[in-house]
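Chain identifiers are assigned alphabetically (A, B, ...) following the order of the sequence lines, protein sequences preceding nucleic acid strands; residue numbering begins at 1 within each chain.
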2 protein chains.
Amino acid sequence: MQRYFVLPEQMKDHEVSITGEDVKHITKVMRMSIGDEIVCSNNASRTVRCTIKDISDQQVIAVIAEDIQPNTELPIAVTIAQALPKADKLEWIIQKGTELGAHIFQPFAASRSIVKWDQKKAIKKRERLEKIAKEAAEQSYRERIPYVADFISFTELLKMVQHYDRTIIAYEEVAKEQYHTYFADTLQGLTYGQRLLIIIGPEGGLSEEEVEKLQEQEAVPCSFGPRILRTETAAIYALSAISYHFELMR
Amino acid sequence: MQRYFVLPEQMKDHEVSITGEDVKHITKVMRMSIGDEIVCSNNASRTVRCTIKDISDQQVIAVIAEDIQPNTELPIAVTIAQALPKADKLEWIIQKGTELGAHIFQPFAASRSIVKWDQKKAIKKRERLEKIAKEAAEQSYRERIPYVADFISFTELLKMVQHYDRTIIAYEEVAKEQYHTYFADTLQGLTYGQRLLIIIGPEGGLSEEEVEKLQEQEAVPCSFGPRILRTETAAIYALSAISYHFELMR
């Protein structure tokens, strides 16, 4: 069943009002009509199955049939702190990372990031990234749209570490040195509801200095297996392994 | 250190001869010269560190300094049987799947595959996919280039199942029904060196009939978590979880 996110104020006790681009999606793309069913989520704590009652150019009104509990959120809150990668890789990381359950995406500038964002570019980029996150959240039946945070400096990233229960660094030098248990050890140390920060460098990797500064904040460099992963593959690996650990293993 | 795959006959006891496009890569892209070090693998069982001794337009000769054991292959041999997806998704699955350790890629035609391949297209496509696999294998420090198999029909896929120790089906209906332990159970039942076949449907999913026929061959429908993954994300999830299970967990 097709899913749509609405603002909390658009979801009343018995009725949902859908506005904006989703009206076009319901009427033109999905070609739905009165009586068709959809699922709506208020991106907070409520997801409902509802039936379309009224369609106009500006809004679609749907009557709530029942509250549902999709239980599609990862049991731990994962923030992917991604150093700016080249080309459209960040869009891709956000699409796939949303499917795989990420809670927050935090882009940051690493010393070896080739791509630079000025403020104008950052605002435009963020709008596009938020749209990708919303669509991927709808497609994958998420209950919440991941938050795409404002682009920050490495110094600001360092300050963030203390706000998390655990922080790991995807560090390919570790892959070469066969330190392969730290990631699993970290996951075993986390319990439901805790917050994990995963820091991923750009194409050229984090510098030794950056890794040292993060380690001073008790971030743990982790290997994601013996092969060298591209920057855009690391986030996907981590989220898949987290899902496997917390959602599939007994 | 830069890696190159060569044919077994190009790797002698004490010397490696590199030909073809890799010569251009060494001289023009990497701008290497005599005395520089590279790693070569014969795509079978031998990987060596060697020093460039001679460069001509047609070939590069390198003297073997030592044999090395990268140990970068997954401990189980995973075949990704991927129903033809839309656009360039198969290229993407092969690039990422190679980084994550897949052994064989087996494209097949599912009843709901929108894309069709004729023989001419299949040959051209396969050449391109093989090139992507080779480059991704070099970049990720693999010891072997995954094999990109010829495109087959669903009937041929059914016959393949008996040649594997275990076969699983990525099946999103299962994701909805909360059967979340089958994949971990399957991995727990596999030991080093065994062969696992993972069957992934196209955008519209496998049909009920296809799933039933596969189940008759003892293939097990598995959920990859409670969220609905796109077809191109399923292979990546499975391979990441397999790496986590066999390479990172104690």
Side-chain angles (χ1 to χ4, degrees), chain A residues 1 3 69-75 92 95-102 136-143 172 175-176 178-188 203 222-250, chain B residues 1 3 69-75 92 95-102 136-143 172 175-176 178-188 203 222-250:
Chain A
M1 206 178 299
R3 317 217 145 201
Q69 259 76 43
N71 289 324
T72 53
E73 294 301 305
L74 270 185
W92 183 87
Q95 187 193 67
K96 297 286 162 262
T98 299
E99 284 176 62
L100 294 165
E138 286 169 351
Q139 177 270 324
S140 59
Y141 294 13
R142 292 280 304 265
E143 290 161 75
E172 68 170 31
K176 289 177 195 161
Q178 320 278 322
Y179 292 178
H180 289 160
T181 60
Y182 293 169
F183 183 42
D185 290 349
T186 301
L187 296 189
Q188 250 133 35
E203 283 81 0
C222 286
S223 150
F224 291 164
R227 292 163 298 282
I228 302 298
L229 304 181
R230 285 171 204 253
T231 180
E232 73 273 21
T233 316
I236 308 314
Y237 182 102
L239 288 162
S240 301
I242 289 167
S243 162
Y244 180 76
H245 186 101
F246 288 102
E247 297 180 326
L248 299 197
M249 276 169 53
R250 276 193 239 243
Chain B
M1 207 179 298
R3 316 218 147 201
Q69 259 77 44
N71 290 324
T72 53
E73 293 301 305
L74 270 185
W92 184 85
Q95 187 193 68
K96 297 286 163 263
T98 299
E99 284 176 62
L100 294 165
E138 287 169 350
Q139 178 269 324
S140 58
Y141 295 13
R142 292 280 303 266
E143 288 163 76
E172 68 171 31
K176 289 177 193 159
Q178 320 278 323
Y179 292 178
H180 288 161
T181 61
Y182 292 169
F183 183 41
D185 290 348
T186 301
L187 295 190
Q188 251 133 35
E203 283 81 359
C222 286
S223 150
F224 291 164
R227 291 163 298 282
I228 302 298
L229 304 181
R230 286 172 204 252
T231 179
E232 74 272 21
T233 316
I236 307 314
Y237 181 102
L239 288 162
S240 301
I242 289 167
S243 161
Y244 180 75
H245 186 100
F246 287 103
E247 297 180 326
L248 300 198
M249 276 168 52
R250 278 194 239 243

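Taking chain B as the reference chain and counting heavy-atom pairs below 4.5 Å, the highest number among A:Leu74, A:Leu239, A:Ile242 is found for A:Leu74. Your options are A:Gly101, A:Ala136, A:Ala238, and the one with the most heavy-atom pairs under 4.5 Å with chain B is A:Gly101.
When heavy atoms are compared at a cutoff of 4.5 Å, A:Gln95 approaches chain B solely by way of its side chain, counted from C-beta outward.
A salt bridge does not link A:Glu143 to B:Arg227: none of the charged nitrogens lies less than 4.0 Å from a carboxylate oxygen.
With rounding to the nearest 0.5 angstrom, the CG atom of B:Leu187 is 10.0 Å from the CE atom of A:Met249.
Minimum interatomic distance between A:Leu248 and B:Ala184 (heavy atoms only, all atoms of both residues): O-CB, 3.6 Å.
Within the 4.5 Å cutoff, side-chain heavy atoms of B:Thr72 are placed close to those of A:Pro226. Annotation: side chain of A:Leu100 is in contact with side chain of B:Leu229 (closest heavy-atom distance under 4.5 Å).
Taking the six-membered ring for Trp and the full ring otherwise, the centers of A:Phe224 and B:Tyr244 sit at least 6.0 Å from each other.
Among residues two or more places apart in sequence or in another chain, the side-chain hydrogen bond (donor to acceptor under 3.5 Å, both in side chains) test is passed with B:Ser240 by none. Residues meeting the side-chain hydrogen bond (donor to acceptor under 3.5 Å, both in side chains) test with A:Glu99, sequence neighbours left out: A:Lys96, B:Arg230, B:Thr233.
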